[in-house]
Each structure stands twice: as structure tokens, then as C-alpha cells.
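Everything below concerns the one structure shown next.
Remember, it's a predicted structure, so these values are computed and weren't measured experimentally. First listed ligand is number 1; within each ligand, the first listed atom is number 1.
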Amino acid sequence: MLVPVRCFTCGSLIADKYNIYVKRVRMGEKPANVLDDMGVKRYCCRRMFLSTVETINQLLPYYEVLMRKKEEIESSG
Ligand SMILES: [Zn+2]
């Protein structure tokens, strides 16, 4: 889903850096170099960046369809 606000293990704030990380990696920089540059040193925090898969944009259309169907059912009954 969305990136967690804090590291699960040490509680360090990571959500504020996630968008910068994603932008720089998409521009072609190596993830390891980006994390070093941003000062993310602990491996517990690094895995948060490396292992997060954002699925919110794939899931949203299903919720929209669900809400439309729910409205249809409520208005017909
Ligand atoms: Zn951590």
C-alpha cells in the first residue's frame, strides 16, 4: 500500500524521504547511492525503501467500482 511513515524496526521517520527517493531512482540513480546520499544508513530503514511496493493506484479503480455498485443497489432498493 502506501509507504509507512516510520521504520517498523527503529521508528526513524522515512515517509518524508520516500518521494525524493522514488523520483531520483526513476531518473536512473542507483538506490544504494540515493540512500547513502540522503543519510539513510541503517539496514532496517533501507529495507523499508527497497521493499515498499505502492499498490494504491492499482487498487483504487476497484474501490470506485465497488462504491458505484453500492450506490446502484441502495438507489434501486
Ligand atoms: Zn530503521
Side-chain angles (χ1 to χ4, degrees):
M1 293 300 281
L2 295 169
V3 67
V5 174
R6 291 183 178 274
C7 173
F8 291 145
T9 305
C10 72
S12 173
L13 191 63
I14 55 169
D16 61 330
K17 301 176 190 96
Y18 189 73
N19 283 343
I20 301 163
Y21 166 79
V22 168
K23 215 177 271 178
R24 287 177 65 176
V25 169
R26 282 190 186 147
M27 296 284 282
E29 285 185 66
K30 278 189 173 179
N33 295 344
V34 176
L35 291 174
D36 287 340
D37 196 40
M38 288 193 305
V40 181
K41 299 246 186 281
R42 283 179 226 126
Y43 65 80
C44 59
C45 301
R46 291 171 80 95
R47 64 93 203 259
M48 300 297 287
F49 287 90
L50 297 170
S51 62
T52 295
V53 178
E54 283 202 313
T55 55
I56 190 81
N57 291 324
Q58 283 106 28
L59 288 176
L60 275 178
Y62 294 102
Y63 282 100
E64 287 167 3
V65 169
L66 267 178
M67 295 312 283
R68 242 181 282 141
K69 284 283 176 199
K70 190 179 168 196
E71 283 171 16
E72 275 177 31
I73 290 168
E74 283 174 357
S75 65
S76 68

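With Arg47 contributing its side chain and Cys44 its backbone, the two residues share a donor-acceptor pair below 3.5 Å.
For the atom pair OH (Tyr43) and CG (Leu50), the distance works out to 14.0 Å, reported to the nearest 0.5 Å. Here the straight-line distance linking atom OH of Tyr18 with atom NZ of Lys23 works out to 13.0 Å at 0.5 Å rounding. Within the model, atoms CG of Leu35 and CZ of Arg24 stand 9.0 Å from one another, a figure rounded to the nearest 0.5 Å.
Each protein N/O/S atom under 2.8 Å from the Zn ion (ligand 1) was counted, for a total of 4.
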Output a table of donor-acceptor pairs, distance under 3.5 Å, between side-chain atoms of residues 64-72 and any protein atom two or more places apart or on a different chain; print 'none' if there are none.
none

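We find that Asp37 and Lys30 are not joined by a salt bridge, their nearest charged nitrogen and carboxylate oxygen being 4.0 Å or further apart.
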